[in-house]
Amino acid sequence: NAGVTQTPKFRILKIGQSMTLQCTQDMNHNYMYWYRQDPGMGLKLIYYSVGAGITDKGEVPNGYNVSRSTTEDFPLRLELAAPSQTSVYFCASSPPSGRGDTQYFGPGTRLTVL
Amino acid sequence: AQRVTQPEKLLSVFKGAPVELKCNYSYSGSPELFWYVQYSRQRLQLLLRHISRESIKGFTADLNKGETSFHLKKPFAQEEDSAMYYCALRAGGTSYGKLTFGQGTILTVHP
């Protein structure tokens with residue numbers, strides 16, 4: 001199993017550009033999540049999904065969109081990139097949350113908006 | 001809403017010394033608490049969870065509901081313990097597995 005994979009690893013965007021961060025998992029997990037990691041701020045939840053076709057906002061959704069057409073894929077879309085979106089983005093997945101179920105993380109995408 | 005606080009951004013100890021990474025939480029219900037670790041150039045991964053009451057790599061953590069704390073402890077730190085550590089909380093009920101993370105603590109173990 002590859003687990004959770006993310007592409008690209010690094011990206012530099014200009015203000016106003018758009019891009020999609022890709023996330024795929026091969027563990028047949030129902031739940032998937034997108035976080036951003038800012039220095040000294042921990043991880044903040046952007047969006048999450050409990051299954052194909054079902055998504056919902058997390059703590060910091062503004063400026064982002066998601067879709068979930070399959071169990072495996074959960075792309076994150078930035079429509080008009082802003083410097084405030086410079087961050088490291090992590091995708092994660094987990095099985096339906098029985099007690100103790102953990103989240104499995106991807107390697108991250110480092111995004112810089114100039 | 002729940003909150004997780006890790007008061008130390010940076011923690012430095014020498015090899016062989018005891019180490020304690022602090023984690024406090026606020027949540028009105030019955031939470032699940034986790035410690036995640038991110039070693040250099042590796043992805044974030046689970047270290048331990050409170051319901052398992054386990055010791056992983058010599059680390060332990062006890063949930064203290066009275067003090068709303070879940071501190072991570074190790075009696076003798078090793079250089080390979082140097083990493084970023086996150087405390088995380090999962091709310092009870094229909095939380096869809098969502099985690100609330102603390103700000104993280106960077107642990108450095110000096111030789």
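Below, chain A is the first sequence line, B the second, and so on; all start at residue 1.
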**Message:** Heavy-atom cut-off 4.5 Å, strictly under: side chain, backbone, both or neither for A:L43 against chain B?
**Reply:** both

**Asked** For B:L99, is it the side chain, the backbone, both or neither that has a heavy atom under 4.5 Å from a heavy atom of chain A?
**Response** both

**Message:** Test of understanding: with side-chain hydrogen bond (donor to acceptor under 3.5 Å, both in side chains), list the residues that count as partners of B:Y36, not counting sequence neighbours.
**Reply:** A:T102

**Item:** Minimum heavy-atom distance A:K44-A:M41, with the two atoms named
**Value:** CE-O, 3.6 Å

**Request:** Quick one: list whatever passes salt bridge (Lys or Arg N to Asp or Glu O under 4.0 Å) with A:D38, sequence neighbours left out.
**Result:** A:R36

**Item:** A:I15, CD1 atom: more than 12 neighbouring heavy atoms under 6.0 Å
**Value:** yes

For residues 8-24 of chain B, please give each side-chain donor-acceptor pair under 3.5 Å, one per line with the distance, not counting sequence neighbours.
residue	atom	partner	partner atom	Å
B:E8	OE1	B:K22	N	3.4
B:E20	OE1	B:K22	NZ	3.1

**Message:** Is there a side-chain contact (heavy atoms from CB on, under 4.5 Å) between A:Q103 and A:F90? Walk through the geometry before answering.
**Reply:** CA-CA 11 Å; A:Q103 291 186 15; A:F90 290 99; over 6 Å; no

**Prompt:** So which part of B:Q6 gets closer than 4.5 Å to some heavy atom of chain A, the side chain, the backbone, both or neither?
**Reply:** neither

**Item:** Side-chain donor-acceptor pair present, B:T100, B:Y25, cut-off under 3.5 Å
**Value:** no

**Prompt:** Does any non-hydrogen side-chain atom of B:F59 lie less than 4.5 Å from one of B:V37?
**Reply:** no

**Prompt:** Where does A:Y104 contact chain B at under 4.5 Å (heavy atoms): side chain, backbone, both or neither?
**Reply:** neither

**Request:** Using heavy atoms and a sub-4.5 Å threshold, report which of residues 48-68 of chain A line up against chain B, by residue number.
**Result:** A:Y48, A:V50

